[in-house]
Amino acid sequence: MSSGERPSLLSHDTLGAPTLAGSLRENGVASFSVDGALEQNGQNGNYAKYWTDARDFGSVGEQSDDDGSALLDDNDSIEDYDEMELDPDTLVANSRKTMDPSLRPGTDPLMSQSVTPNDRPSGHLRDRKKRNSIQIRLEKTDRKGRYILTADDPEIREILRKGVERERVEASGKKPRLRFRDLVFTRQFTTFDRRSQASSESPFFGFFTLFWLAMALLIAQSCLKNWREYGSVLGSNQIMKMMFSHDVYVLGLTDGAMTLGMFVTYFIQVFVKKGWVNWGRGGWILQNIWQTGYLAGLVGWAYFREWPWTHTIFAVLHGLVFLMKQHSFAFYNGYLSGVYRRKALLEVKLKQLQDMEPNHSAPTSPRASQQMDQFATGIDLSELAKKTSEHTMAKRRPSMHRNSTNLTNETSDVASVAAAIQSGSPITPDQLQTFERIMHAEIDDLTQELKGKNSCGSNAYPSNLRLRNFAEYICLPTLVYELEYPRQERINWWYVAEKLCATFGVLCIMQVISQAFIYPAVAKTLRMKEAGMTIEERWQEFPYIVSDMLFPLLIEQLLTWYLIWECILNVLAELTYFADRGFYGDWWNSVTWDQYARDWNRPVHNFLLRHVYHSSISSFHLSKLAATFVTFLLSALVHEMCMALMFRKVRGYLFSMQLMQMPLVMASRSKYLRDQVILGNVVFWLGLFIGPSFLTSLYLVI
Amino acid sequence: MATNGNTKDMYTNGNDIAQPRARHAQATNKSLARALNGEPNTTCTTTTTHAQSSPPLPSNRSTPLPSDDAPPSEKATSAARRSVRRQQRRLFPTVDYQSRLSYFDPKSDYTDFRGFFNLSWVGLAIMGITAMLRTLKETGYLLNFTQWPLFTENLGELAASDVLMCLSTALALPLHLLFKSAGARGILRWELGGMVVQSLFQVTWVVCWLSWPFVREWTWTAQVFFTLHSLALFMKMHSYAFYNGHLSTTLTRLRQLDRPIGPQTPLGDAVRYPKAYYFDARPAPDADEKNDSTQSQLSPVMQLREDLAIEITSPMGNVTYPANLTVRNFIDYLLCPTLCYELEYPRMPQRSYMELFYKTLAVFGCIFLMTVTSEEFILPVLDSSHARLQTTDNFIDSALIFAETVSALLFPFMITFLLVFLVIFEYVLGAFAEITGFADRKFYSDWWNSQDWLEFSREWNIPVHNFFRRHVYSASRSVQVSKPVAMALTFFVSAIAHEVVMGCITRKFRGYGFVMLMLQIPFVALQRLPWVRDRWLLNNTIFWCAMCTGLSLLCALYVLV
């Protein structure tokens with residue numbers, strides 16, 4: 001396999017930083033030296049800043065300030081988790097261990113880089129000691145800032161080789177940059193999948209067997225009990241009766257209608273492509289109106305039909321999934337439509353430029369000549385700056401204007417060139433050449449952008465707007481639209497059968513548990529209300545109801561998670577040849593709540609990260625903290641909406657508890673609690689254990 | 001359908017369902033895998049060479065060596081030590097002690113699923129709290145232990161007897177000094193009278209202490225503790241006496257070689273116990289002697305002297321035989337969490353009092369949880385079933401009641417079993433290891449992945465397994481017993497010991513446990529059938545089923561029938 005063909009990984013892999021110059025000898029010994037620019041600065045802060053900049057597309061404006069250390073802190077406190085995970089090159093051996101404090105978010109991001117050159121090689125090796133992955137040696141040479149890195153492992157040799165290669169590509173200046181937040185899709189399996197490495201290597205697999213055996217025994221026991229008490233293995237079976245009481249077909253029809261409704265988004269994009277609607281001006285507003293209407297219609301329909309809560313929650317959750325899919329599709333394609341238009345505009349300008357006659361004599365007007373000089377020197381300087389200073393590079397990045405079609409408001413090179421063309425003043429052949437080069441570079445850049453993840457370009461922007469592509473996207477188990485995903489070669493039908501069996505098995509277990517253990521407690525609260533007990537009397541019963549529901553609700557919660565993220569999504573992925581099974585991380589090892597929020601539901605997390613967090617930073621210019629808050633708030637609101645639909649009352653308990661997690665997260669990041677891994681995990685599990693039961697009881701009792 | 005063909009090579013197993021878990025590191029090597037699973041293997045030499053070429057044995061792999069991420073200095077020492085050990089050929093079967101961590105140790109490398117371990121603790125704690133809440137609601141007291149008197153009744157007496165028992169084991173030391181002073185010709189020398197006297201002493205000792213609780217009519221909790229402790233001490237004493245006895249013989253022979261060698265000097269090869277084939281990766285002596293040209297150049301007497309000298313030196317080379325016969329060493333050995341005596345054990349550089357505190361806390365926490373479980377979920381079921389059984393004389397009704405009891409006891413017994421396992425093998429033994437600085441924390445292997453009962457019995461209790469392997473299996477092999485017979489004998493002895501424990505708990509000697517343990521042998525034979533043996537998931541499920549139902553069935557049998 002060649003590293004050149006894989007989806008671009010940008011610079012967060014171990015050796016991608018262009019500040020690292022190195023050579024690799026045949027025997028796997030690589031020698032690296034820190035680049036001159038960095039050596040002058042001599043600060044880790046600047047270094048870290050560079051590698052944050054290199055892939056944080058949404059927040060260019062904010063990051064261009066010079067305060068490297070502040071940025072490091074900022075980065076430290078918020079988001080650098082997904083950078084260290086999905087990259088296959090960093091996943092050497094068993095390096096992903098969230099319980100390991102050195103790899104947790106909130107620790108020094110430099111630690112996640114295994115071979116970062118550092119001014120303190122000894123300290124760095126000490127940090128690495130925790131990782132238990134690969135043997136490398138970092139030797140100091142006589143020259144300052146130069147180290148020799150030796151790896152005995154063939155795997156890391158390969159990685160080093162690739163890193164050096166990639167670096168050469170980057171050094172030659174052809175580094176592709178994608179404007180939209182770049183999520184890396186890789187081939188991987190879910191942790192509980194039998195095919196995954198983590199599961200097959202884990203020494204604790206026997207306990208997994210024990211868990212399912214215990215579930216089977218639980219079912220057997222409760223069936224026996226039902227048979228003795230009711231004469232039927234299903235018992236009184238109220239839950240099933242409630243689920244299938246009415247409107248089952250209507251639910252199916254609604255679901256079909258929801259799917260059909262998604263095509264409205266597709267047609268909006270077709271209009272945008274045809275130029276009937278301008279995305280930047282009115283298109284996105286139209287899309288948002290449609291999305292709001294979609295959700296409102298769904299909720300209204302559920303109310304109107306007086307569905308049982310199971311119907312409602314299914315329809316609403318499914319609707320939300322469709323909504324997110326539409327949003328991602330629309331906003332990504334909308335952005336690309338801007339890029340496409342800009343490219344067309346620039347091509348026109350280029351044509352104009354090529355038609356112009358170069359003037360060999362000196363320009364007549366001194367002012368114009370000055371202007372020309374300015375252009376020329378500015379461009380030359382920029383070329384120089386690209387090579388030397390990373391700060392300037394960050395400032396000069398063209399990405400701010402990727403989808404703008406109004407060149408008069410810009411300050412970029414291209415805008416200057418366009419202005420020069422527009423002015424019609426004569427130019428010298430040298431200038432003509434420079435201008436042409438700039439235009440070509442920008443157009444190449446935009447073409448790259450239109451290709452996105454689709455390296456061969458067959459599905460690049462305008463050609464991806466086909467019904468077939470959209471229909472396929474609807475079925476894929478992801479909420480983030482990309483022009484291409486990693487795919488599998490074939491479907492393993494045995495695997496599909498296995499996961500389907502698991503799906504129905506888990507559904508059965510959930511049904512039995514809710515009937516046998518949860519229903520009695522819920523029925524008790526309803527009886528209490530019917531008997532007209534006062535709130536004080538009911539409040540006295542409250543702890544017992546909570547304690548009755550603790551264990552069954554925990555199991556229900558775990559099973560629901562397993563059902564959706566392990567069974568259903570895997571079936572869907574297998575059927576659609578979708579190869580990236582990163583549907584969840586190891587959330588059970590979470591130490592803080594934000595870690596859990598990121599890991600348990602990766603598709604939604606990826607969606608929120610790209611379309612809420614980064615979009616709010618780039619389009620509303622929020623700070624990172626504010627953007628985190630907005631993301632959290634949105635998620636809490638949606639959750640509260642689900643609760644309101646389930647219990648038919650708006651109380652805000654879940655909402656407030658979810659928002660309370662923010663200070664909790666802050667507390668767990670404080671100096672004293674940061675390294676208390678086990679304590680953090682226990683607190684997390686306590687919350688997950690007590691939370692659902694407590695909330696359910698609150699909504700039921702009060 | 002655009003596919004990324006270039007990453008295909010990286011994930012060659014992309015579409016194939018892999019086996020759930022590669023059981024052992026070298027499971028691909030059939031003969032070795034078979035050997036590791038404790039099956040007879042004729043091609044002994046290939047096994048050993050394979051094992052030698054890949055030093056990390058499964059036992060090393062499954063419990064992480066701290067040397068993995070240790071500083072190079074530590075690693076170099078450990079490697080040197082291991083190579084020295086590999087060169088050494090010992091006559092008495094040895095146990096391979098290394099610095100290792102247990103699976104559930106907080107410092108262990110296996111953290112992928114650590115969250116679920118924490119979850120189980122959180123779950124148990126919540127179970128305890130809700131139980132207390134319920135008691136509070138029903139009785140008005142937070143805790144209402146009907147079992148409380150069980151614990152407190154004979155506490156003083158139990159403590160006194162326990163101390164006395166520990167003291168009485170120390171008799172092994174003067175006895176051994178007596179045997180040692182008998183010299184090469186004395187009637188009481190180890191291989192003649194010494195062994196007999198020691199055996200007689202041990203039998204008397206164990207009979208006395210096992211019957212003591214019956215005489216004093218203690219409660220069953222006190223008795224179970226005392227019985228288990230006396231069995232453990234018995235094994236310790238046996239190991240101490242027999243290993244030192246062997247060393248005294250060796251020393252005598254070594255001294256004899258100092259004198260001019262006459263016709264009376266025994267020049268026969270030192271007694272070579274055959275190695276336990278599945279654990280010991282060192283080459284068989286014969287093969288080694290053929291390969292090793294430098295060794296064969298030595299004269300037989302020199303060779304013998306060297307062998308004998310190595311035998312009386314500890315594996316780490318710091319202690320030689322007679323120097324270890326001190327009271328201090330004996331007390332240290334009593335406290336060490338092991339049942340096999342060695343001249344020297346790997347030690348931790350320092351003791352962590354925090355760890356000790358946590359482990360002690362965990363011991364009491366586990367005992368509390370076990371009490372809550374039995375109070376809440378076991379005793380009521382047994383009481384009501386007992387009462388109902390009294391009133392019925394119809395056989396079918398009784399059988400139904402019995403089946404219901406078994407089904408109701410399934411989960412509580414599973415929890416109790418896991419708690420007992422944790423409290424003994426992780427916390428009590430861990431605490432003692434912390435006190436003595438004992439570095440080899442491999443008190444259990446990954447038994448939860450077992451496929452059959454034999455594997456489980458090997459893995460869940462490594463100290464006792466080591467003892468049986470060294471002092472029952474290998475010892476019986478040394479008196480010309482064939483391998484299957486030796487294995488059956490080992491199993492038989494272990495079944496008897498289990499039956500004794502069950503009998504002491506319930507005061508009924510019914511032999512249910514014995515029968516069920518012996519029933520495992522044909523069952524294992526079934527599981528070894530060619531079609532079944534490769535289905536790991538199936539076998540593991542069967543194992544867990546047997547575990548769950550077996551415990552609850554046994555309890556119901558002993559208590560109700």
Side-chain angles (χ1 to χ4, degrees), chain A residues 1-2 5-7 88 94 97-100 129-130 132 187 191 194-195 198-207 209-210 213-214 217 220-221 224 454 456 458-459 484 486-490 492 494-495 498 543-544 547 550-551 554 577 579 586-590 678 681-682 685-686 689-690, chain B residues 1-11 13-22 62 64 68-69 71 103 106 109-119 121-123 125-127 129-130 133-134 137 404 407-408 410-411 414 446-450 536-537 540-541 543-545 547-548:
Chain A
M1 90 204 96
S2 67
E5 283 170 317
R6 102 179 45 214
N94 46 355
K97 281 174 188 164
T98 19
M99 291 298 275
D100 191 339
K129 206 182 78 175
K130 288 260 185 190
N132 183 31
R187 295 182 160 231
T191 309
R194 293 213 283 148
R195 301 182 292 184
S199 130
S200 66
E201 274 177 1
S202 165
F204 299 114
F205 202 83
F207 286 117
T209 320
L210 175 64
L213 197 69
L217 287 175
Q221 271 187 351
L224 274 178
N454 183 259
C456 65
S458 60
N459 203 26
E484 185 180 316
R487 304 300 276 267
Q488 280 180 345
E489 286 76 38
R490 61 194 172 87
N492 185 332
W494 282 114
Y495 179 80
E498 181 195 312
Y544 304 106
S547 82
L550 273 174
F551 282 89
L554 176 79
Y577 300 93
D586 53 348
W587 56 266
W588 47 90
N589 290 334
S590 302
I678 294 181
N681 190 236
V682 167
W685 272 116
L686 270 178
F689 215 120
I690 299 174
Chain B
M1 205 102 332
T3 50
N4 251 354
N6 48 6
T7 44
K8 184 186 168 191
D9 301 338
M10 205 169 180
Y11 305 91
N13 63 343
N15 289 320
D16 305 317
I17 293 190
Q19 278 300 303
R21 174 173 121 83
S62 49
D68 267 349
D69 47 359
Y103 278 103
D109 255 5
Y110 291 113
T111 47
D112 288 3
F113 294 98
R114 177 52 59 91
F116 286 116
F117 182 66
N118 291 341
L119 169 65
W121 278 112
V122 171
I126 287 182
M127 186 190 83
I129 293 168
T130 46
L133 255 180
R134 218 171 304 135
K137 188 183 174 191
E404 261 174 40
S407 122
L410 280 178
F411 285 99
M414 207 59 241
D446 53 343
W447 58 265
W448 43 88
N449 294 324
S450 309
W536 182 84
L537 198 59
N540 190 234
T541 316
F543 159 74
W544 273 114
C545 273
M547 202 75 223
C548 293

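Heavy-atom basis, side chains included; hydrogens, waters and symmetry copies ignored. If you're wondering where the values come from, they're calculated on a predicted model, not measured in any experiment.
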[Y] and [X], any side-chain heavy atoms less than 4.5 Å apart:
{"X": "Asn449(B)", "Y": "Thr209(A)", "result": "no"}
{"X": "Leu119(B)", "Y": "Phe689(A)", "result": "yes"}
{"X": "Asp446(B)", "Y": "Phe205(A)", "result": "no"}
{"X": "Val682(A)", "Y": "Trp121(B)", "result": "no"}

Quick one: closest heavy-atom pair of [X] and [Y], and the distance?
{"X": "Trp448(B)", "Y": "Phe204(A)", "answer": "NE1-CA, 3.6 Å"}
{"X": "Asn681(A)", "Y": "Gly115(B)", "answer": "OD1-CA, 3.5 Å"}
{"X": "Arg114(B)", "Y": "Asn589(A)", "answer": "N-OD1, 3.4 Å"}

Rounded to the nearest 0.5 Å, what's the gap from CG on Leu210(A) to SG on Cys548(B)? Could you check?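 Nearest 0.5 Å value for the CG-SG distance: 6.0 Å.
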Only pairs of heavy atoms separated by less than 4.5 Å count here; which of Ala220(A), Ala214(A), Pro543(A) has the most with chain B?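 Maximum pair count with chain B is reached by Ala214(A).
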Flag the one option from Leu550(A), Ile690(A), Leu213(A), Leu554(A) with the top tally of heavy-atom pairs under 4.5 Å to chain B.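 Winner by heavy-atom pair count: Leu213(A).
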Proximal component of [X], with respect to chain A [non-hydrogen, under 4.5 Å]:
{"X": "Met127(B)", "value": "both"}
{"X": "Phe543(B)", "value": "neither"}
{"X": "Ala408(B)", "value": "backbone"}

With side-chain contact (heavy atoms from CB on, under 4.5 Å) as the criterion, how do Phe117(B) and Phe207(A) come out once you've worked through the C-alpha distance, each side chain's angles and the decisive distance to 0.1 Å? CA-CA 10 Å; Phe117(B) 182 66; Phe207(A) 286 117; over 6 Å; no
Mind checking what makes ring-ring contact (aromatic ring centres under 6.0 Å, His included) contact with Trp544(B), not counting sequence neighbours?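 Partners of Trp544(B) under the ring-ring contact (aromatic ring centres under 6.0 Å, His included) test: Trp447(B).
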Is the Phe116(B) ring parallel, tilted or perpendicular to the Trp587(A) ring (thresholds 30°, 60°)?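 Ring orientation of Phe116(B) relative to Trp587(A): perpendicular.
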